[in-house]
Amino acid sequence: VDLSTKVAGLSLPNLLFNASGVCCQTEADLKLMIESESGSLITKSATYEYREGNPSPRYLPLPSGLGSINSMGLPNEGYEYYLNFAKNYDYSSKKPLFISLSGLSLADNVKMCEAFVAADLPCVLEVNFSCPNVPGKPQLGYDMEAMENALNVLAPLIKKPFGVKLPPYFDIAHFDTAAAIFNKFDNLVYVTCINSVGNGLAIDFETESALIKPKDGFGGLGGLMVLNTALANVNAFYRRLPTKQVIGVGGVTSGKEVFLHVLAGASAVQIGTTLKEEGPTVFARINKELTDIMIAKGYKSLDEFRGKVKTL
Ligand SMILES: O=C(O)c1[nH]c(=O)[nH]c(=O)c1I
């Protein structure tokens, strides 16, 4: 069976890659991604300057085994590190490169985009509208007017095809409003749904304490528990953005959830919590599981069932 796919005009040998933030902050992390069986890789969201991020413990798998909580606080090497990585990347390799940018201000996003546009590299830019864990900074993804204003500035500046990373939405009116904004920008060619479900709280029963240190224990939720919210966001935007693509992320622990993401409309699928817990061998495992599922169901390619979720 054929697991290959195309996103933003680039060919991926298979549809799986890392969720931004996991296994992608340093060159050592990114090398592991390059050597893995992933079909692509995306860098940790970059800010203009280097950031240490929030105090630890700031990421933990949940005792329930159903997911994870994180309040990393945008730790990253600073955008020039990732620009340099992108300049040295081997674009003749099978794996396309995605670059995530998450400026602390529109001005910072403009400066970072200008630098990448000037470098004129084959990598695809993804603007993260949904970084949830920088204290005092409301995430853009929930401010529709600010999101449109940012796109009015960034889309013309980037010129080439680019994507945005979105928080989960939970109200049909928000899907409608957000999609209407995205449909105004032709070179916004994909959306990545979902970022973590913001500001959950994990409390330890024995110690009666929050699990993570930052923000009184409040942090973004990931893993199996967010699967159904992720599938809804993938399908909501798949239905509302007919000329664009959706990258699905959220709740992938096996080939089964990847299959569901593609049924919901995903062109590619990212793995976060399960990659963090299992390591990059997860891509070989899940590619095999998806292959077995497609054989069992009689599908030869992803196109045969992408977006074909039935309704009753
Ligand atoms: O806290 C983080 O660094 C972080 N954590 C997330 O769960 N999503 C994000 O987009 C980011 I920028």
Side-chain angles (χ1 to χ4, degrees), residues 17-26 29-30 41-62 66-79 81-82 98-106 108-109 112 125-143 146-147 150 162-169 190-202 210-227 229-230 233 247-252 270-277:
F17 60 121
N18 63 301
S20 177
V22 182
C23 197
C24 60
Q25 180 167 339
T26 65
D29 295 332
L30 293 160
L41 64 158
I42 185 167
T43 56
K44 167 68 184 172
S45 292
T47 46
Y48 195 75
E49 305 288 349
Y50 165 86
R51 281 177 59 89
E52 185 66 34
N54 291 335
S56 292
R58 60 191 189 182
Y59 165 90
L60 279 171
L62 294 175
L66 296 179
S68 65
I69 187 166
N70 93 83
S71 186
M72 305 302 287
L74 241 181
N76 74 98
E77 307 302 311
Y79 89 97
Y81 182 96
Y82 304 103
F98 291 78
I99 298 288
S100 176
L101 301 174
S102 186
L104 296 177
S105 65
L106 180 54
D108 279 4
N109 271 326
M112 294 190 289
L125 296 183
E126 177 176 291
V127 184
N128 182 357
F129 279 163
S130 51
C131 176
N133 300 311
V134 179
K137 298 291 291 183
Q139 59 161 296
L140 219 52
Y142 288 153
D143 181 338
M147 196 160 54
F162 75 104
V164 294
K165 177 71 170 282
L166 298 174
Y169 298 101
Y190 76 87
V191 296
T192 301
C193 302
I194 60 174
N195 208 320
S196 50
V197 172
N199 294 306
L201 176 59
L211 283 190
I212 58 173
K213 186 175 175 66
K215 294 174 54 177
D216 294 331
F218 283 61
L221 302 175
L224 190 58
M225 80 170 83
V226 308
L227 173 67
T229 293
N233 277 261
I247 295 180
V249 50
V252 174
Q270 298 174 347
I271 307 175
T273 300
T274 306
L275 169 59
K276 177 80 178 177
E277 293 307 307

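Start at 1 and go down the list; that is how both ligands and their atoms are numbered. For this chain, numbers begin at 1 and follow the sequence in order.
- Side-chain rings of Phe17 and Phe98 approach one another, their centers coming within less than 6.0 Å.
- Counting protein heavy atoms only, atom 12 (I) of ligand 1 is closest to Cys131 SG, 2.6 Å.
- Under the 4.0 angstrom criterion for non-hydrogen atoms, Ser102 is not in contact with ligand 1.
- In summary, the atoms of ligand 1 found under 4.0 Å from a heavy atom of Met72, numbered by their order in the structure, are 1 (O), 2 (C), 3 (O).
- In this structure, the side chain of Thr43 does not engage the main chain of Tyr82 through any donor-acceptor pair within 3.5 Å.
- Of the heavy atoms in Leu74, both backbone and side-chain atoms come closer than 4.0 Å to ligand 1.
- With a heavy-atom cut-off of 4.0 Å, Lys44 touches ligand 1 through its side chain alone.
- At the top of the distance list for atom 5 (N) of ligand 1, counting protein heavy atoms only, stands Asn70 OD1, 3.0 Å.
- A cation-pi arrangement is present between Lys276 and Tyr59, with the terminal nitrogen or guanidinium carbon under 6.0 Å from the aromatic centre and inside a 45° cone about the axis.
- A centroid separation of less than 6.0 Å is found between the aromatic rings of Tyr169 and Tyr142.
- Judged by distance alone, with hydrogens and angles left aside, the side-chain atoms of Asn76 form a donor-acceptor pair with the main-chain N or O of Leu74 at under 3.5 Å.
- Under the 4.0 angstrom criterion for non-hydrogen atoms, Pro75 is in contact with ligand 1.
- The shortest heavy-atom contact between Asn233 and Pro167 is OD1-O, 4.1 Å.
- The protein heavy-atom contact nearest to atom 8 (N) of ligand 1 is Asn195 OD1, 2.7 Å.
- The closest approach between a heavy atom of Ser196 and any atom of ligand 1 is below 4.0 Å.
- Using a distance-only test at 3.5 Å, with no hydrogens or angles considered, a donor-acceptor pair links the side chain of Asn195 to the main chain of Ser130.
- If you look at Asn54 next to ligand 1, there are no close heavy atoms at all, none under 4.0 Å.
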